[in-house]
Amino acid sequence: MAMPGMIDSTMHMTGVLSLPMSREGSGTSWLPDASPMMANHFAAGAWDFMFHYRAFVYYDRQNDADPSRRGDDQIGSVNWAMLMAGHDLWSGRLQLRAMMSAEPWTVGAAGYPLLLQSGESYHGRPLHDRQHPHDLFMELAAIYSHALGQNLAFQAYLAPVGEPATGPVAFPHRPSASGDPFAPLGHHWQDATHISYGVVTAGLFSRSWKLETSIFNGREPDQDRTNFDYKGRSLDSYSARFTANPDRTWSLSASYAYFKSPEALDPGLSEQRISASALNTRSIWTSGEWASALIYGANRFQHTDSWSNSLLFESNLAVDAWNSVFGRIEYVAKSAADLDITDRPPEARFDVGSIAFGYIREIARYPGGSLGAGGRYAIDLVPRSLAPLYGSRTPTGFSVYLRFRPRALRSAGTSRMADSPNGTGPAR
Ligand SMILES: [Cu+2]
């Protein structure tokens with residue numbers, strides 16, 4: 001049996017209970033074991049380091065950049081970088097993480113144009129048809145895992161900023177979303193809690209399941225994206241999540257969360273969220289890799305008695321080492337308040353959807369990483385009542401971009417780790 005933090009005979013890095021490191025998602029969430037580890041790995045003394053990052057530099061144009069139809073365009077960059085340091089401690093495993101984003105500057109506080117997107121605020125108004133930037137500090141966390149027996153272990157997660165145990169793996173870390181620079185329209189129904197200012201999680205896990213609960217600060221980040229949002233807040237919200245990884249290719253989860261006063265613009269309101277997800281990653285053809293996610297998430301605010309639902313399916317198919325295609329189909333019930341529609345009651349609901357697809361071609365290698373060039377096209381669907389606002393029932397958006405990311409760490413059957421753009425097969 002491999003020791004924590006060592007590289008086992010199949011050249012997969014393993015942790016407590018010999019779980020492969022490829023299983024580690026955002027926060028304490030799990031990915032399928034078959035997921036590629038897009039990272040640079042190095043060691044210094046008894047410390048083991050993993051460096052993950054992704055950066056897209058885009059031109060984004062929504063609804064022909066026509067502001068009278070809620071469109072706009074922008075040149076910018078969405079990006080994040082994360083350093084993880086692992087060390088054995090008290091016969092368990094300690095991991096320290098720091099994850100940061102330059103989006104406060106490269107996107108700006110008003111966010112990037114994305115039709116029908118909603119969530120968080122800017123200058124006292126709800127952000128709509130734009131996706132807010134991520135905060136400078138996305139995660140600062142310490143995770144400690146310790147085996148309790150042959151097939152049982154506990155985990156504690158302490159994060160001044162981090163992700164409570166709710167929802168699926170956040171989209172920036174999902175292999176199924178690795179080609180898409182933009183956030184899902186259901187972000188605030190599913191996985192937006194990945195940046196919470198104060199999180200404590202405790203969990204039990206075996207090799208095939210994990211049960212965890214969190215207390216955390218439920219307030220969404222404010223528009224000042226470079227500070228720590230603790231003012232007047234405590235660990236006043238809670239969540240629980242169950243995850244099962246029945247084999248190498250699947251990860252299934254279900255969760256519940258209660259948020260006390262999540263929205264700065266409506267501090268009197270509490271919110272509940274339920275979600276369920278199925279993630280799958282598998283090899284395909286000689287050197288291809290196919291990752292998919294099916295995600296359900298629903299919110300219920302205190303003053304309403306019905307759930308507002310969202311459903312997402314996304315898939316990324318790395319055809320070979322150089323070519324990937326991806327797509328995302330979404331449905332979300334958004335309120336007049338979400339979309340800042342002022343001539344309707346704030347709780348009025350609108351069924352909106354989106355079909356997005358794209359292609360990325362790897363065009364160059366650099367040490368440890370790969371540069372790709374791609375494009376994304378989306379057709380959004382709005383009800384007849386919103387057509388005057390958007391100029392059509394099927395407004396569209398497109399973007400072209402460059403993507404920088406590490407190549408994958410993978411088994412090569414030799415004494416060293418090899419890498420390839422998709423993590424399938426040896427380096428070429
Ligand atoms: Cu986010």
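In what follows, every heavy atom counts, from backbone to side chain, and hydrogens, waters and symmetry copies are set aside.
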Sub-6.0 Å ring centroid separation between [X] and [Y]:
| X | Y | answer |
| --- | --- | --- |
| Phe51 | Phe49 | no |
| His132 | Tyr122 | no |
| His134 | His194 | yes |

Between [X] and [Y], what is the shortest heavy-atom contact and its length?
| X | Y | result |
| --- | --- | --- |
| Pro181 | Val78 | O-CG2, 3.6 Å |
| Pro32 | Asn245 | CA-ND2, 4.1 Å |
| Leu31 | Pro175 | CD2-CD, 3.5 Å |
| Arg376 | Arg328 | NH2-NH1, 4.0 Å |
| Ser239 | Thr166 | CB-CB, 3.9 Å |
| Gly353 | Leu116 | O-CD1, 3.9 Å |

Quick one, [X] and [Y] - any side-chain contact, counting heavy atoms below 4.5 Å?
| X | Y | result |
| --- | --- | --- |
| Asp351 | Tyr331 | yes |
| Met99 | Glu163 | no |
| Arg225 | Glu120 | yes |
| Asn40 | Met50 | no |
| Asp338 | Trp189 | yes |
| Gln117 | Leu127 | no |
| Arg97 | Gln95 | yes |
| Glu289 | Ile284 | no |

Quick one: pull up [atom1] in [X] and [atom2] in [Y] and give me the separation to the nearest 0.5 Å.
| X | Y | atom1 | atom2 | result |
| --- | --- | --- | --- | --- |
| Ile360 | Leu371 | CD1 | CG | 10.0 Å |
| Asn316 | Glu314 | CG | CD | 8.5 Å |
| Arg403 | Asp180 | CZ | CG | 10.5 Å |
| Tyr112 | Asp60 | OH | CG | 8.0 Å |
| His146 | Leu17 | NE2 | CG | 11.0 Å |
| Glu139 | Ser196 | CD | OG | 10.5 Å |

Subject >> Test side-chain hydrogen bond (donor to acceptor under 3.5 Å, both in side chains) applied to Glu330 - qualifying residues, sequence neighbours left out >> reply: none

**OP:** Mind running side-chain contact (heavy atoms from CB on, under 4.5 Å) on Asp135 and Asp229 for me, showing each step along the way?
**Re:** CA-CA 10 Å; Asp135 286 60; Asp229 300 339; 4.2 Å; yes

Is there a donor-acceptor pair under 3.5 Å between the side chain of [X] and the backbone N or O of [Y]?
| X | Y | answer |
| --- | --- | --- |
| Ser22 | Asp33 | yes |
| Thr396 | Ala378 | no |
| Gln74 | Val107 | yes |
| Asp320 | Trp322 | yes |
| Asn217 | Tyr197 | yes |
| Thr243 | Ser253 | no |
| Asn63 | Ala65 | no |
| Ser308 | Ala333 | yes |
| Arg130 | Gly111 | yes |
| Tyr230 | Pro160 | yes |

Pair [X] + [Y]: basic N to acidic O under 4.0 Å:
| X | Y | value |
| --- | --- | --- |
| Arg61 | Asp72 | no |
| Arg219 | Glu263 | no |
| Glu362 | Arg405 | yes |
| Arg93 | Asp48 | yes |

Report yes or no: do [X] and [Y] form a side-chain donor-acceptor pair below 3.5 Å?
| X | Y | answer |
| --- | --- | --- |
| Asp191 | Thr193 | no |
| Gln272 | Tyr256 | yes |
| Tyr53 | Asn79 | no |
| Ser255 | Ser275 | yes |

**OP:** Take Ser206 and Asn151, measure what side-chain contact (heavy atoms from CB on, under 4.5 Å) needs, and give me the verdict at the end.
**Re:** CA-CA 5 Å; Ser206 76; Asn151 192 24; 3.7 Å; yes

Original post:
Only one of Gln131, His187, His188, Lys334 forms a side-chain hydrogen bond (donor to acceptor under 3.5 Å, both in side chains) with Ser118, so which one is it?
Top reply: Lys334

Original post:
For Arg70 and His128, what are the C-alpha separation, side-chain angles and deciding distance, and is it a side-chain contact (heavy atoms from CB on, under 4.5 Å)?
Top reply: CA-CA 9 Å; Arg70 300 191 154 210; His128 64 89; 3.3 Å; yes

Original post:
Taking the six-membered ring for Trp, are Tyr377 and Phe357 parallel (under 30°), tilted (30 to 60°) or perpendicular (over 60°)?
Top reply: tilted

**OP:** Would you please classify the geometry between the Phe242 ring and the Trp209 ring as parallel, tilted or perpendicular, with 30° and 60° separating the classes?
**Re:** parallel

**OP:** Output, in order, the C-alpha distance, side-chain angles, deciding distance and verdict of ring pair (Phe, Tyr, Trp, His ring centres under 6.0 Å) for Phe259 and Phe216.
**Re:** CA-CA 9 Å; Phe259 304 88; Phe216 61 101; 5.6 Å; yes

**OP:** Give the C-alpha distance, both sets of side-chain angles, the deciding distance and a yes or no for side-chain contact (heavy atoms from CB on, under 4.5 Å) between Met100 and Trp80.
**Re:** CA-CA 6 Å; Met100 300 179 76; Trp80 56 267; over 6 Å; no

Subject >> Geometric cation-pi criterion, Arg282 with Trp290: 6.0 Å, 45° >> reply: no

Subject >> Residue that, paired with Tyr401, satisfies ring pair (Phe, Tyr, Trp, His ring centres under 6.0 Å) out of Phe56, Tyr58, Tyr359 >> reply: Phe56

Subject >> Residue pair Gln155, Ser145: steps toward the side chain to side chain donor-acceptor pair (under 3.5 Å) verdict >> reply: CA-CA 4 Å; Gln155 186 171 66; Ser145 309; 3.1 Å; yes

**OP:** Report the C-alpha distance between Gln190 and Ser310 in whole Å, list the side-chain angles of each, state the deciding distance to 0.1 Å, and finish with yes or no for side chain to side chain donor-acceptor pair (under 3.5 Å).
**Re:** CA-CA 8 Å; Gln190 296 162 4; Ser310 74; 3.0 Å; yes

